[in-house]
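Some notes on the structure that comes next.
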Amino acid sequence: MTELTLVEAVNRALAHELERDDAVLLLGEDIGVNGGVFRATLGLQQRFGCERVIDAPLAEAAIAGAAIGMAAMGLKPIVEIQFSGFLYPAMDQLINHASRLRHRTRGRLSCPMVLRAPNGAGIHAPEHHSESPEAMLAHVPGLRVVIPSSPSRAYGLLLAAIRDPDPVVFLEPTRLYRLFKQEVAEDGEALPLDTCFISREGRDATLVAWGGMLHEALAAADRLAEEGIDCEVIDVATLKPLDGETILRSVEKTGRCVIVQEAARTAGFGAEIAALLAERALYFLLAPVKRVTGYDVVIPLARLENQYLPSVDRIAAAVRETMEASS
Amino acid sequence: MVADVSIPIDPIRFLAPDGELCATAPAREIAAELALTLYRAMARTRAYDGKAVALQRTGKLGTFASALGQEAIGVGVGAAMRKEDVLAPSYRDHAAQLLRGISMVENLVYWGGDERGSDFAVPRADFPICVPVGTQIAHATGAAYAFALRRETRVAVTIIGDGGTSTGDFYSALNMAGVWRVPLVVVVNNNQWAISTPCSRETAAQTLAHKAVAAGVDGVRVDGNDAIAMHHVAARALDKARGGGGPTLIEALSYRLGDHTTADDATRYRDPDVVRREATREPLSRLRSHLTKRGLWNEDAEAKLMRDNAEEVERAVEAYLATPPQSFSAMFDHLFAQLPANMRDQYEEARRFAPNGARHG
């Protein structure tokens with residue numbers, strides 16, 4: 001076991017798969033000599049050569065499109081988009097091609113690619129560097145959307161994403177890249193995709209979160225525990241396809257649910273979870289489902305970003321309101 | 001290495017519109033066997049194309065994009081490619097696709113609204129028809145990279161239209177291909193029209209071939225209505241790519257004699273006199289005149305070819321019309337390698353409301 005940060009865990013997973021499978025290659029901007037702007041690919045070009053760790057021209061759409069062509073011809077490309085705010089030019093390729101190549105050809109061709117991007121706010125970054133576009137991606141049939149919340153989940157889920165036979169968008173919470181270290185087995189064992197993880201067990205209320213927000217949810221659960229409120233915390237991990245059963249089982253037990261999402265509220269992924277609960281958990285609910293989210297505003301620059309992001313205070317307050325509504 | 005930036009404006013042409021052969025015509029293409037192959041393939045494409053439009057007009061086919069007048073481009077390219085090469089076509093490239101072995105039935109099934117038409121029996125690695133204009137250049141670039149990485153002597157070929165050269169994907173993928181020096185051939189079917197927008201409203205560049213210069217890629221202009229020149233230029237670009245010489249951008253000049261698709265009415269925006277004039281330059285009569293002058297073709301051969309083509313097309317139409325419908329489950333079966341567990345209820349809902357007799361799967 002090694003103590004790794006999340007970004008180091010990403011690096012180890014990439015190295016493991018480059019070593020294991022000749023078909024795996026990386027392409028993206030500044031990922032070679034420079035090791036990526038967050039150093040996720042540090043040392044990989046030196047180790048695996050510039051044919052397999054490619055410094056691509058600055059063109060996200062062409063990078064994604066070229067990866068589709070590589071994947072269709074039997075390679076397993078892993079694209080790095082420098083920040084999720086810069087993946088919008090690649091959306092055309094993801095939506096019109098990557099997600100549907102297998103379907104369109106009735107399985108004759110497929111697109112086993114991974115598109116990684118640092119995601120979310122909280123590092124006082126410049127404009128356009130703090131986006132959370134996961135709901136837009138989760139809306140696309142044929143795409144998997146995965147967001148890890150810790151070094152060990154980043155390692156295991158990224159291995160699974162690379163080995164998956166279909167396209168996966170893998171959004172890495174920028175704020176967690178170096179926030180803390182964790183023991184990671186580095187045994188090449190993948191974690192399951194399409195599965196939510198229960199990060200903390202509890203009886204009174206279910207907190208559902210993903211990526212960076214999982215830590216706010218866990219911190220809120222700690223604080224509420226001091227007040228005698230026992231929260232279960234679910235790490236969604238794979239947003240699409242969603243493991244609704246794990247969330248439903250938890251809410252059937254607790255009767256209360258607060259969904260925490262960093263992205264803006266309207267049509268965010270939290271709305272999908274709330275809809276799932278409305279359809280399938282209504283009769284178990286003791287209180288209305290609540291969402292704690294970013295506001296429907298442009299993500300602010302550094303000075304205001306902490307007032308935008310769901311905080312421990314906001315999450316704890318929402319849980320208390322939920323408790324009061326049903327007492 | 002820097003590509004040659006002095007791209008001649010005059011397109012390469014060996015056959016004049018009246019079928020007169022230029023003295024510098026290359027031996028490979030004017031050899032009787034290849035010249036006849038090109039002619040037969042163009043005639044086969046046109047027979048199919050006309051029938052597909054007729055089927056749409058009678059409600060038996062969905063929207064279809066005719067290649068009328070542009071057959072030499074796809075035929076020249078398709079005949080120059082090897083089986084193991086890969087084509088990333090646009091929606092107007094059945095001339096090349098038919099030569100590569102994709103069947104008329106498959107093409108009809110596709111335009112008839114059934115994805116099975118893109119599950120080609122051969123060639124298995126060719127990309128399906130690309131509708132979002134220009135996006136397939138990046139796929140061909142990536143495919144070419146895969147070939148080079150594995151040291152395979154295969155070439156990726158893509159065909160786009162003149163409008164496609166206005167897209168960001170065109171510029172960025174061609175730029176990328178230039179940097180990577182991949183075995184790629186990009187063919188631009190400059191049929192002068194992007195639906196209703198003439199080429200003069202698409203670009204201020206002197207020619208589309210000149211767009212290669214900024215990408216550090218070789219560019220060449222060719223008369224796309226001259227099958228001899230088209231095959232020659234395509235074969236040369238393929239040979240160069242196969243030998244490690246990098247990508248080529250080919251601007252093939254032609255004219256879209258038909259509508260953009262069957263959903264379009266080009267009389268709204270085109271001068272019929274211009275269309276009539278352009279029709280005199282079309283590729284089939286040009287090559288036929290040449291072959292006739294050389295004694296390689298006559299009215300009997302023409303009549304037999306027309307008959308054979310009509311029969312083949314009829315058989316394809318019958319097979320298309322007799323294709324059994326897909327089960328509801330086809331919507332779900334190939335979305336992922338394995339249907340995610342959370343989609344099971346949607347699958348069951350579709351099964352429940354599927355027409356009687358379509359609930360298997």
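Proteins come first, then strands; the chains are lettered A, B, ... in the order of their sequence lines, and each starts at number 1.
No side-chain donor-acceptor contact under 3.5 Å links Asp119(B) to the backbone of Gly107(A). Asn342(B) places no side-chain N or O within 3.5 Å of a backbone atom of Pro241(A) that could act as its donor or acceptor partner.
Across every non-hydrogen atom of Arg108(A) and Asp126(B), the tightest pair is NH1-O, 2.7 Å.
Looking at His97(A) and Gln136(B), their side chains never come closer than 4.5 Å, going by heavy atoms from C-beta outward. When side chains are defined from C-beta on, Leu27(A) does not count as touching Tyr145(B), because their heavy atoms never get closer than 4.5 Å. Residues Asn96(A) and Thr135(B) form no side-chain contact, since every pair of their non-hydrogen atoms from C-beta on lies 4.5 Å or further apart. Under the 4.5 Å side-chain criterion, counting only non-hydrogen atoms from C-beta, Arg104(A) is not in contact with Phe127(B). Annotation: side chain of Ile63(A) is in contact with side chain of Met176(B) (closest heavy-atom distance under 4.5 Å).
Heavy atoms closer than 4.5 Å to chain B are found in both the backbone and the side chain of Glu51(A). For Ala140(B), no part lies near chain A; criterion is any non-hydrogen pair under 4.5 Å. Contacts of Thr105(A) with chain B are made by both backbone and side-chain atoms, with heavy-atom separations under 4.5 Å. Contacts between Phe120(B) and chain A at a heavy-atom distance below 4.5 Å involve backbone atoms as well as side-chain atoms. The contact between Leu143(A) and chain B is made entirely by backbone atoms, counting heavy-atom distances below 4.5 Å. Contacts between Val182(B) and chain A at a heavy-atom distance below 4.5 Å are absent for every atom of the residue. If you measure heavy-atom distances from Pro165(A) to chain B, the contacts under 4.5 Å come from the side chain alone. Proximity to chain A is limited to the side chain of Phe147(B), based on heavy atoms less than 4.5 angstrom apart. The parts of Phe336(B) that come within reach of chain A are both its backbone and its side chain, each placing non-hydrogen atoms under 4.5 angstrom from that chain. For a residue to count as touching a neighbouring chain, one of its non-hydrogen atoms must lie under 4.5 Å from one of that chain's; by this rule Leu193(A) does not touch chain B. Interface remark: Ala72(A) contributes side-chain atoms only to the contact with chain B (heavy atom separation under 4.5 Å).
Interatomic distance, Met70(A) CE to Thr141(B) OG1, rounded to the nearest 0.5 Å: 9.0 Å. Interatomic distance, NE2 of His334(B) versus CZ of Arg106(A), reported as 6.0 Å (0.5 Å rounding). Note that CE of Met331(B) is 9.0 Å distant from NE2 of His103(A), once rounded to the nearest 0.5 Å.
Atom CD of Gln46(A) sits in a crowded spot, with more than 12 heavy atoms from other residues, nucleotides or ligands closer than 6.0 Å.
Considering only heavy-atom pairs separated by less than 4.5 Å from chain B, the leading option among Leu109(A), Leu101(A), Asp194(A) is Leu109(A). For the set Ala144(B), Cys130(B), Pro128(B), the count of heavy-atom pairs under 4.5 angstrom toward chain A peaks at Pro128(B). If you tally non-hydrogen atom pairs under 4.5 Å between each of Met343(B), Arg151(B), Gln338(B), Arg154(B) and chain A, the highest count goes to Arg151(B). The candidate from Ala173(B), Ala341(B), Ala330(B), Gly168(B) with the greatest count of non-hydrogen atom pairs under 4.5 Å with chain A is Ala330(B).
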| request: Could you go through the side-chain contact (heavy atoms from CB on, under 4.5 Å) check for Leu25(A) and Leu149(B) one step at a time? | output: CA-CA 10 Å; Leu25(A) 57 76; Leu149(B) 181 74; 3.7 Å; yes

